[in-house]
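When reading the values below, keep in mind they use all heavy atoms of this one structure, side chains included, and skip hydrogens, waters and symmetry mates. If you're wondering where the values come from, they're calculated on a predicted model, not measured in any experiment.
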Amino acid sequence: MNEVIKAIEERRSTRSYKPDAVPKELIEQVMEAGTWAASGMGRQSPIIVAVTDRALRDRLSDANRRIMGGTEGTDPFYGAPVVLVVLASKDVPTHVYDGSLVLGTMMLAAESLGLGSCWIHRAREEFEQPEFRQVLADLGVSGAYEGIGHLALGYTDRPTPAKPRNDGRILWAE
């Protein structure tokens, strides 16, 4: 079977991670793959922020929990040791789609490297907050960026079985 199709069919959202650190080389490979995602008119507006600092990761997790209305102690990142945040320039009309493609591409790259991943929402709301706008400013990011999503990343603790595919999702207009 084609390796890309194999990764597509075997990828699952991971909702339980081992605490093991992910080597920087693997994180870089996942991020680099994201930079190759298609983007509207080739503008390449999305940026990817790798959060490996535990304190910042936990601040993001707590903000995300509050936004979703989760109970104290809930970790929306499911214990993942790495969080990749995808943001895209609001000045680009296709920024949400472009950032979504980056996230999808990184999920497939993670699968191909033996890593688990899960797309986590609420990045838009987080990065509207001054605290996280300052994180971007500290990284040298200027301009109007919208948080598109997070990618929780790490080694899978409990694999998720595949659900059967729903019928009637492929149509032909011949």
(message) To the closest 0.5 Å, what do you measure between CD (E3) and CD (E10)?
(response) 8.5 Å
(message) For the backbone of K163 and the side chain of R165, can you confirm whether one donor and one acceptor N or O come within less than 3.5 Å of each other?
(response) yes
(request) Grab the two heavy atoms, one from S89 and one from H95, that are nearest each other, plus how far apart they are. (result) O-CB, 3.0 Å
(request) Look at R65 together with D62 and state whether they make a salt bridge at an N to O cut-off of under 4.0 Å. (result) yes
(request) Report the distance from atom OH of Y78 to atom OH of Y17, rounding to the nearest 0.5 Å. (result) 9.0 Å
(message) Can you list, by chain and residue number, the hydrophobic cluster partners of M106 when the side-chain cut-off is 4.5 Å?
(response) V22, L26, I27, V30, M31, I48, V82, L84, V86, V96, V102, L103, M107, L113, L115, W119, I148, L151, L153, Y155
(message) Are the side chains of M68 and T74 in contact, using a 4.5 Å heavy-atom criterion?
(response) yes
(request) State yes or no: do Y145 and V49 share one hydrophobic cluster built from I, L, V, M, F, W and Y residues joined by side-chain heavy-atom distances below 4.5 Å, directly or via other members? (result) yes
(request) Look up atom CZ in F127 and atom CG in L60, then write down how far apart they are to the nearest 0.5 Å. (result) 5.0 Å
(request) Kindly compute the distance separating CZ (R158) from OG1 (T14), expressed to the nearest 0.5 Å. (result) 10.5 Å
(message) Counting C-beta onward and ignoring hydrogens, is there a side-chain heavy-atom pair between R15 and C118 closer than 4.5 Å?
(response) yes
(message) To check you understand the geometry: which heavy-atom pair defines the closest contact between A7 and E111, and what is its length?
(response) O-CG, 3.7 Å
(request) Report yes or no: do V85 and L56 belong to one cluster of Ile/Leu/Val/Met/Phe/Trp/Tyr joined by side chain heavy-atom distances under 4.5 Å? (result) yes
(message) Once rounded to the nearest 0.5 Å, what's the spacing between atom CD of E128 and atom CZ of R133?
(response) 7.5 Å
(request) Determine yes or no for a side-chain-to-main-chain donor-acceptor pair under 3.5 angstrom, with H150 supplying the side chain and I120 the backbone. (result) yes
Considering only distance and modelled atom types, tabulate donor-acceptor pairs under 3.5 Å from the side chains of residues 32-43, sequence neighbours left out.
unit_1 : atom_1 : unit_2 : atom_2 : d
E32    : OE2    : W36    : NE1    : 3.0
T35    : OG1    : E32    : O      : 2.6
S39    : OG     : R43    : N      : 3.3
S39    : OG     : Q44    : N      : 3.0

(message) Which residues end up grouped with L108 if you chain together Ile, Leu, Val, Met, Phe, Trp and Tyr wherever their side-chain heavy atoms are less than 4.5 Å apart?
(response) V4, I8
(request) Kindly give the heavy-atom pair with the smallest separation between P159 and D157, and that separation in Å. (result) CD-O, 4.0 Å
(message) Nearest 0.5 angstrom please: E126 CD to S61 OG, how far?
(response) 8.5 Å
(request) Of all the heavy-atom pairs spanning A162 and R12, show the shortest one and how long it is. (result) CB-NH2, 2.6 Å
(message) Are more than 12 heavy atoms, taken from residues, nucleotides or ligands other than K90, located less than 6.0 Å from that residue's NZ atom?
(response) yes
(request) List the atom of D91, the atom of P93, and the distance in Å for their closest heavy-atom pair. (result) O-CD, 3.7 Å
(message) Same cluster or not: L101 versus V92, using hydrophobic residues (I, L, V, M, F, W, Y) connected whenever any side-chain heavy atoms lie under 4.5 Å apart?
(response) no
(request) Might you point out which heavy atoms bring E131 and R59 nearest each other, and give the distance in Å? (result) OE2-NE, 2.7 Å
(request) Could you tell me whether D75 and R57 make a salt bridge, using a distance below 4.0 angstrom between a side-chain N and a carboxylate O? (result) yes
